[in-house]
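Bear in mind that the values here come from a model prediction, so they are computed numbers and not experimental data. The first residue of the sequence shown is numbered 1, and numbering continues consecutively from there. Order of appearance sets the numbers: ligands from 1, and atoms from 1 within every ligand. Both backbone and side-chain heavy atoms feed into the values below; hydrogens, waters and symmetry mates do not.
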Amino acid sequence: MKLYDKKTYDFVAEVERSIAADTKKADEIAFLNQEKVLAAFLEHGVGQRHFAQTNGYGYDDIGRDTLGKVFADVFGAEAAIVSPQIVSGTHALTAALFGLLRPGDRLLSVSGEPYDTLKEAITGKGIGSLADYGVRYDSVALKDGKFDFDAIRREMETGVKVVFVGRSRGYEWRDALSVDEIGQLCKFVKDVDKDVIVMCDNCYGEFVDVKEPTQVGADIMAGSLIKNPGGGIAPTGGYICGKRDVVEQASFRLTSPSIGAEVGSYAYGYREFYQGFFMAPHVVVQAIKTSMLFGAAFDRLGYETMPKPGAVCRDIIRSIKFGSESELTEFVRAVQYSSPVDGNVTPFAWDMPGYGDKVIMAAGTFVAGASIELSADSPIREPYIGYLQGGITYEHGKIALLNCLTRLNAVK
Ligand SMILES: *Cc1c(COP(=O)(O)O)cnc(C)c1O
């Protein structure tokens, strides 16, 4: 079965040539990150014994503990919890927030509203959210896509315990924040009040740049292992890393205040987490090159995309504005129909736990819902933006683009 026609192939081949310089730069970042990851594996003497299955409490589980040390080193952090017991990115981030905030404390999000599922965990009613525990919350919107430092200072003057920043775009029409910008924020916050904790939602950001937020002053960050740092191989899980005492607070919430990160076993063994992390720099650049190709192609066909072609990628997502529910739906379905798993399934918009609008998702993935694998998702709301991310091989990303454009009959 041929998934595309010739005129679409020729069009995409031309687009591909036009972005060669940009994809080369992305490859160079992957090279530096691969070096960084390999150095950490060597430093910690990773060996077969670290992959072993463990069970029960998991005291002195060297597979778990060494994995944490490797993550911490690569991300320039003092400590990390990397665990299959963290069920998702939202869980990792929620554990960190609950670990750090006490009744009466105030949380300030400075990149607009946090990701939908996290917002619910912060402000939801009657579900054991931070708000239910008397933690106050406010947000400062970005101004023209940048931090609004004046407004942040004003908010901080009335008392803030944790400043929260979302690196990736979430379901917003904005670009992701660069690590340098996050570094400026950290410096600004600490200059205003050195005791304020800066926490970063790092989902979709890992290995996109040569530095991570914890290397430019963030006290703690968290993310999902079925996104970038799992390399398409980790079967589940999340991570939390940062300053030792801050991560420890999060660990008390993740398990129990009395046991923290001393426990946790995994009867299936840890090899996939190590191998996934090792492969992550390469896999992330597959996704970035896929994103670049989609962006350049849709831009040329007259669609508004974010980031603009030629702009540096700050996360692995490409936003494409479709303007109508029907075309957005067709796009998401075309991504599903290009998938190696469940490629014959038709996605429909549906109510999802933690999301305000109906969401349509294409995730024909080996690891269920893994968005480091080629996937697309969108809340059904104006202006009907499609968010495409992932692609564990660039070749697959390219074939999916060919199929999408052919199905949308976009190349005339
Ligand atoms: C994916 C994501 C999360 C966490 O989502 P999970 O589905 O719970 O892993 C949080 N923030 C952002 C920006 C994300 O992209």
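Scored by the ring-ring contact (aromatic ring centres under 6.0 Å, His included) test, F188 finds F149 as partners (sequence neighbours excluded).
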Give every donor-acceptor pair under 3.5 Å between a side-chain atom in residues 53-60 and any protein atom, sequence neighbours left out.
residue: T54; atom: OG1; partner: D61; partner atom: OD2; Å: 2.7
residue: T54; atom: OG1; partner: Y266; partner atom: N; Å: 2.9

Can I get a per-line list of side-chain donor-acceptor pairs under 3.5 Å for residues 275-282, giving both atom names and the distance, sequence neighbours left out?
residue: Q275; atom: OE1; partner: R271; partner atom: NH1; Å: 2.5
residue: H282; atom: NE2; partner: Q286; partner atom: NE2; Å: 3.3

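Closer than 4.0 angstrom to ligand 1 by heavy atom are S88, G89, T90, L93, Y115, D201, C203, Y204, S224, K227, sorted by chain and number.
At least one cation-pi condition fails for R169 and Y204: the charged atom is not both under 6.0 angstrom from the six-membered ring centre and inside a 45 degree cone around its axis. With F41 as the aromatic partner, K69 does not meet the cation-pi criteria of under 6.0 angstrom to the ring centre and within 45 degrees of the ring axis.
Neither side chain, Y171 nor E113, offers a donor N or O lying under 3.5 Å from an acceptor on the other.
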